[in-house]
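Both backbone and side-chain heavy atoms feed into the values below; hydrogens, waters and symmetry mates do not. Treat the numbers as computed from the prediction; the structure is a model and nothing was measured.
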Number of protein chains: 4
Amino acid sequence: MSMPAENIDIDTNIKEEKKEFHPGRPRSEKSRKAILDATRRLLTHMPLSELSIEAIAKKAKVGKTTIYRWWPSKAAIAMEAFLEQPGVQNIIPTTATSEEAIEKQLESLIRQLRGQNGRIIAGIIAESQGSADVLDLLYDKFLKDRVSPLHDHIEKGKADGIFKKELNTEIALDMLVGPLFLRVLSGEHGIDNIFAESYPAQALLALKV
Amino acid sequence: MSMPAENIDIDTNIKEEKKEFHPGRPRSEKSRKAILDATRRLLTHMPLSELSIEAIAKKAKVGKTTIYRWWPSKAAIAMEAFLEQPGVQNIIPTTATSEEAIEKQLESLIRQLRGQNGRIIAGIIAESQGSADVLDLLYDKFLKDRVSPLHDHIEKGKADGIFKKELNTEIALDMLVGPLFLRVLSGEHGIDNIFAESYPAQALLALKV
Amino acid sequence: MSMPAENIDIDTNIKEEKKEFHPGRPRSEKSRKAILDATRRLLTHMPLSELSIEAIAKKAKVGKTTIYRWWPSKAAIAMEAFLEQPGVQNIIPTTATSEEAIEKQLESLIRQLRGQNGRIIAGIIAESQGSADVLDLLYDKFLKDRVSPLHDHIEKGKADGIFKKELNTEIALDMLVGPLFLRVLSGEHGIDNIFAESYPAQALLALKV
Amino acid sequence: MSMPAENIDIDTNIKEEKKEFHPGRPRSEKSRKAILDATRRLLTHMPLSELSIEAIAKKAKVGKTTIYRWWPSKAAIAMEAFLEQPGVQNIIPTTATSEEAIEKQLESLIRQLRGQNGRIIAGIIAESQGSADVLDLLYDKFLKDRVSPLHDHIEKGKADGIFKKELNTEIALDMLVGPLFLRVLSGEHGIDNIFAESYPAQALLALKV
DNA sequence: AGGTAACCGAGACGGTACGTCACGTCTTTAC
DNA sequence: GTAAAGACGTGACGTACCGTCTCGGTTACCT
């Protein structure tokens with residue numbers, strides 16, 4: 001994965017402690033939820049490319065300005081709507097062998113990318129081809145947490161003599177996740193049952209000596 | 001690769017013999033070339049998503065109708081402009097071992113997908129997320145010829161005992177080409193020199209026992 | 001009526017005697033009829049403004065070039081289609097008093113301008129507002145024969161002491177035909193039964209001492 | 001005149017008192033004026049039939065949407081541009097004999113329909129032949145106020161014994177205004193000086209006993 | 001009989017304008 | 001200061017016709 005460098009959000013922790021003074025009317029949580037909800041609903045009927053900010057605003061009964069104030073693009077809204085769903089949070093398994101860790105992570109990814117969810121991510125990948133910002137967003141909000149951990153496990157597996165030492169780790173990483181995204185981008189029959197069940201084991205098989 | 005089934009054009013051979021009569025003014029080869037050329041030029045300055053049919057028409061000094069008469073979408077124009085370039089024709093190596101054949105084919109694919117060309121294909125993949133027609137186009141005009149041949153070589157390699165027998169051929173196919181497209185979609189630093197040189201060998205390494 | 005000056009077609013008489021040599025294939029009478037017929041049919045469904053040359057060509061199974069070769073505008077086609085119909089030929093009554101002649105002529109005009117036919121003439125008048133050629137056509141092919149004869153009868157009526165001497169003949173002429181065209185241009189309820197029956201007498205009433 | 005029945009706008013008076021709340025950005029008076037002004041300027045160079053909404057938008061430096069938001073057709077824009085000019089407002093003379101009132105009204109109409117203004121109205125009449133909406137517009141915004149008042153004066157004149165009792169009032173009305181519109185539609189030499197000066201008296205002459 | 005030339009149908013061509021859609025911004029009142 | 005509403009200028013969409021052109025093929029008269 002040749003993705004952009006990390007972009008640590010330094011404010012994240014501070015926010016909790018320092019109650020900054022914000023004059024004026026505070027952001028409406030109701031609107032935020034209405035926007036993300038409308039987006040999710042609309043994306044069940046149409047691909048991200050056909051989704052328009054105006055349609056979201058209308059469905060959420062919200063001014064367009066409110067959307068533009070808080071999100072830079074429809075891909076960003078879709079990303080947030082996607083991540084807020086139950087079942088897409090990424091849980092990093094604490095203790096396990098490299099092999100088990102990779103298998104679990106691939107299973108988790110497959111779970112997150114099947115069906116409707118996969119189509120959202122596919123849409124965001126599509127949008128990213130015309131905008132570096134969306135590409136960064138995709139990496140920061142989705143890939144970083146889900147793909148990077150695999151890197152260390154591959155290295156460890158190689159050190160432990162389980163995986164082929166000659167494999168370039170970066171390329172091995174691509175071989176683990178490449179097929180996944182290829183399927184996600186391949187339309188309706190993307191990640192089918194057979195693939196979902198057999199892929200993690202098959203991927204490991206390729207790495208093993 | 002879960003792509004649509006082959007769609008053999010039974011007329012292809014007949015076309016050469018049977019000179020069909022087409023009443024009316026014949027299609028202008030000059031315009032066809034001007035359109036593809038303008039498309040190629042414009043795509044060096046902008047991604048496919050920003051390319052407009054109107055801009056092509058203007059640059060090619062051609063009516064918009066002429067474009068719509070012959071191509072169903074800007075992705076189709078881009079595909080044809082891409083394929084017409086020297087160096088993207090797919091040559092299937094005649095005699096070779098499975099291993100060599102796969103290596104050669106991967107090298108060829110990498111050559112075809114580096115730099116500007118890769119960005120065109122990435123754009124077409126992006127467009128395909130909103131239109132099944134474009135997805136079919138991508139398969140019929142590009143993937144079918146370049147990816148399918150690998151399938152047989154994987155099977156042969158497995159039968160010869162060179163590749164791991166436990167590998168599902170379909171999935172192995174995805175593992176060969178998935179990383180390639182992942183890089184192509186990853187932006188500027190997509191297929192770099194290191195990847196280009198080491199990938200074919202690395203991919204084979206994963207398949208081998 | 002302030003219409004353009006006469007435009008005598010000097011060839012008209014000559015044509016009959018002098019059989020000019022026309023090399024090449026002669027004009028197709030079949031096509032001519034098909035075009036006028038298609039035009040008439042289409043004009044029952046749509047106003048002249050919505051009629052397109054392409055629609056005529058398609059309906060008449062004729063090349064567009066054939067139409068453009070023989071007619072300068074769709075108004076000209078409509079005019080010819082209109083005039084070719086039975087019942088619109090103008091017959092000048094031979095002997096009569098001024099009063100009778102005017103009455104007959106107005107009755108004839110009303111007959112020619114009622115219903116569907118009126119809508120065609122209304123369309124041609126509309127087209128004439130953007131093109132002097134169509135205005136000339138309207139005068140030469142339609143108005144000249146039907147309206148000018150009234151001029152002399154008005155003068156004669158004034159001389160005979162039947163009509164008001166103070167009336168300007170030109171203006172009186174406009175007063176005779178103005179209301180007719182006003183109705184024709186007034187849409188669906190243009191020339192209704194009441195108007196059709198009472199107008200000639202009413203118009204004469206206005207002129208009489 | 002067989003025009004649609006009156007369509008009294010009952011809200012007119014209320015509008016002044018009741019300040020209706022209109023959420024959102026208010027209509028731009030600047031754009032409205034720019035559009036009407038551009039239309040007026042363009043119509044001095046070309047007939048209404050050649051005027052395009054796009055040309056207006058370009059000249060007025062305004063989006064096409066802004067035009068379509070407020071006007072249903074180019075005829076409607078032309079009508080508004082026409083009516084907003086000084087000198088085309090219709091002033092109904094308060095006290096006068098039927099004869100004087102008709103004469104004044106005809107003089108006023110002639111003033112409003114001479115030259116450039118007449119060509120605009122002619123264009124609108126032309127457009128109305130393809131669209132009932134434009135025909136209604138022509139009646140509601142122009143004819144109703146200017147032609148209908150004549151109706152009552154004709155009746156009164158007949159009752160007073162000044163005008164011929166046998167005249168059908170509707171037809172008499174057409175005889176008063178028919179010649180006017182006939183001239184307006186007759187092109188460049190439409191309403192000339194001779195007509196303008198003599199017509200009102202001539203028209204009355206036709207009605208009088 | 002063959003040559004010549006204008007005709008014919010079909011339909012592609014470069015254009016212009018259509019009316020619609022969505023963009024991202026701006027301008028209003030209300031909270 | 002944020003929010004809903006919706007008008008604004010912009011630009012691209014895909015379509016309909018315009019009037020012209022370019023084909024192969026037809027139909028007459030004149031050598």
Residues in side chain to side chain donor-acceptor pair (under 3.5 Å) with [X], at least two apart?
{"X": "D:K64", "result": "D:E54"}
{"X": "D:Q129", "result": "none"}
{"X": "D:R40", "result": "D:D37, D:E84"}

Figure out the CD/P separation between A:E127 and E:dA22, and round it to whole Å.
-> 14 Å
Whole-Å distance separating the CZ atom of D:R27 from the P atom of F:dC8 | 7 Å
Enclosure of D:R27 CZ (heavy-atom neighbours >12, cutoff 6.0 Å) = yes
Step by step, work out the side-chain contact (heavy atoms from CB on, under 4.5 Å) result for A:L185 and B:S128.
-> CA-CA 8 Å; A:L185 292 163; B:S128 79; over 6 Å; no
Return the 5'-most residue of the pair B:A60, C:G63 with respect to DNA chain E, ranking by each residue's nearest nucleotide.
-> C:G63
[X]: side-chain contact (heavy atoms from CB on, under 4.5 Å) partners, not counting sequence neighbours:
{"X": "C:K141", "answer": "C:M79, C:L83, C:L137"}
{"X": "B:A78", "answer": "B:L43, B:L48, B:I120, B:I124"}
{"X": "B:T65", "answer": "B:R69"}
{"X": "A:A55", "answer": "A:L42, A:S52"}

State whether the distance check finds a donor on one side and an acceptor on the other, under 3.5 Å, for side chain C:K64 versus base F:dG19.
-> yes
Within residues 28-47 of chain A, the residues having a heavy atom closer than 4.0 Å to DNA chain E are none
Going by number, which of residues 65-75 of chain A have a non-hydrogen atom under 4.0 Å from DNA chain E?
-> A:T65, A:Y68
Spell out protein contact along nucleotides 24-31 of chain F as letters: B when the base is contacted, S when just the sugar-phosphate is, - when no protein heavy atom is under 4.0 Å; keep the 5' to 3' order.
-> SBBBSSS-
Identify, residue by residue, the members of residues 49-58 of chain C with a heavy atom below 4.0 Å from DNA chain F, and return them in order of residue number, or none.
-> C:S52, C:I53, C:E54
Criterion side-chain contact (heavy atoms from CB on, under 4.5 Å) on B:I77 and B:I53, from CA distance to verdict = CA-CA 9 Å; B:I77 311 172; B:I53 304 261; 4.0 Å; yes
If a pair satisfies ring-ring contact (aromatic ring centres under 6.0 Å, His included) and one of its residues is in residues 52-74 of chain B, list it, with sequence neighbours excluded.
-> none
